[in-house]
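Please read the structure below before turning to the comments.
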There are 2 protein chains.
Amino acid sequence: MAARDELLVPPGGPARRGRPRGSTRERILDVALELFTEQGYEQTSLREIAERLGVTKAAIYFHFERKEDMLLELHMRLHALGHEAIDELDGLDDDQQRADAWPRVLDHFVDQVIRNRELFLFHVRNHRALDVLADNEAHQAENEDIQQRISRLLTSEEIPLAQRVRMAASIGALTGVVAAGGAFSGVPPDELAELVRGAVRDLVVPRPLGR
Amino acid sequence: MAARDELLVPPGGPARRGRPRGSTRERILDVALELFTEQGYEQTSLREIAERLGVTKAAIYFHFERKEDMLLELHMRLHALGHEAIDELDGLDDDQQRADAWPRVLDHFVDQVIRNRELFLFHVRNHRALDVLADNEAHQAENEDIQQRISRLLTSEEIPLAQRVRMAASIGALTGVVAAGGAFSGVPPDELAELVRGAVRDLVVPRPLGR
DNA sequence: GTCTATATAGGGATAGAC
DNA sequence: GTCTATCCCTATATAGAC
């Protein structure tokens, strides 16, 4: 749990506790996050990362054995964001209950996502690239992520189709706002989160009275 | 207009009018669409496409001068899908009017997208890759696409933030359903489109009476 | 911790035979 | 229209000097 929270410190953020662990390593990850998000993992070469930092490729290999390991570390930070949602869903008995709890879970999830826009966007744009981590131990352990649970819910036959469609739509709506990137980058996270919560609620909670 | 419609014939579909123009070329595009969607444009090699067709890379170069040209041709087919929406938006005077027409435009757009799921998904997953077409003549001519218009609307200061957020969310919602891929692939297009229309309408049309 | 140099693999693209 | 063979470039990754 403590370890989980530690993953959430903002990349390159202010409070660097304990040993001043290699600022270079952090700087590499910062640049990697930025470029992976912008261009995609596979389109980003080590040379590119190294150049932007003013070092050589070989220098990077001192900090990360493989290119994959950067992807892995960034992905781990993201996992932490979904844990509350997972815990909440796991506490329920069947898929219909999980579907009905969706508005509540989503409410909280929206906050997490909006507040970690860049990390989330990195994930959205690279989730296919994560396949390369398939046979990585550390990843296997931490895996079983939200994405998978959600897919399972979306295909569950216990839930009416209309409800499943709206669940998929609500995730998409959230993603859409984050992916609109530039458009809302000036809006304070709390304000944006509130607007998005209102929107997805209308999407996912049936209208009370006749149209 | 006629040419535009012709682009919409289903890839590898039944009615092949005029000269039986090279079935090989069509088969290449079919495979390309599938692999580009699945793995991404840049992650798909010509060797891979060729292998699946049982030919060699060089054979592909007979039909397409450059790899880009496959991307271009698929992209062109997609452009056609957005034209009604563009025409409808272009008929209006200012951004606020366009924003208010959004529900109507979206209604129609949902149909187009759902009925051409694979092509749309191809686009969503590869729109960054389209940058390589930046200096292509044929593309320039046809360009000025919906994506751009939408971005412009989303950043327009004439439209209240809350409304813009909901517009972004509605696009995302549609994308989310399509991207959920497997989950709804069994559902007939018309039924799915109707469900999605209902959902995005709740998102984008303000609730009539007090909560 | 960072460098230069190199090994190895795979990509897109072209030439020329059939 | 499709093949074989090849060119050139860039990618990840490693070895070994400083």
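Everything quoted here is computed from the prediction, not taken from an experiment. Residue numbering restarts at 1 for every chain, and letters A, B, ... go by the order of the sequence lines.
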On DNA chain D, check which nucleotide each of Ala58(A) and Glu42(A) is closest to and give me the residue with the more 5' one. Glu42(A)
Is any side-chain N or O of Arg47(B) closer than 4.0 Å to OP1 or OP2 of dG11(C)? yes
At less than 4.0 Å, is any side-chain N or O atom of Thr24(B) found next to OP1 or OP2 of dT2(D)? Yes or no. yes
How many Å lie between CD on Gln43(A) and P on dT10(D), as a whole number? 16 Å
Walking DNA chain D from its 5' end, the first of Gly54(B) and Lys57(B) to be reached, judged by nearest nucleotide, is Gly54(B)
Are His75(B) and His79(B) an aromatic pair by the rule of ring centers under 6.0 Å? yes
Leu46(B) atom CG is separated from dG10(C) atom C1', nearest whole Å, by 12 Å
What I want to find out is whether Arg104(A) reaches Asp107(A) closely enough, with some N-O distance under 4.0 Å, to be called a salt bridge. no
Please check this pair: side chain of Ser185(B) against backbone of Gly182(B), looking for a donor-acceptor N/O pair closer than 3.5 Å. yes
Sugar-phosphate only, base, or nothing, as touched by Ser45(B) at under 4.0 Å among non-hydrogen atoms: sugar-phosphate
For dC3(D), does either OP1 or OP2 sit under 4.0 Å from a side-chain N or O belonging to Thr56(B)? yes
Atom-pair distance (CE on Met70(B); P on dG12(C)), nearest Å: 8 Å
Nearest whole angstrom, please: distance from the C1' of dT14(C) to the OH of Tyr61(B). 9 Å
Side chain of Val55(B), heavy atoms from C-beta onward: which of dT2(C), dG1(D), dC3(D) has the nearest atom to it? dC3(D)
Euclidean distance, atom CD1 of residue Ile60(A) to atom P of dT14(D) [Å, nearest integer]: 14 Å
What heavy-atom pair brings Leu74(A) and Leu119(A) nearest, and what distance separates the two atoms? O-CD1, 4.0 Å
Selection from dT2(C), dT2(D), dT12(D) that lies nearest to any side-chain heavy atom of Lys67(A): dT12(D)
Length of the line joining Asp69(A):CG and dA13(D):C1', which is rounded to integer Å: 12 Å
Would you check, one step at a time, whether the test side chain to side chain contact (heavy atoms under 4.5 Å, CB included) holds for Phe36(B) with Ile49(B)? CA-CA 10 Å; Phe36(B) 291 172; Ile49(B) 297 175; 4.2 Å; yes
In whole Å, what is the span from the CD1 atom of Ile28(A) to the P atom of dT2(C)? 8 Å
Rounding to a whole Å, what distance do you find between Arg25(B):CZ and dT2(D):P? 13 Å
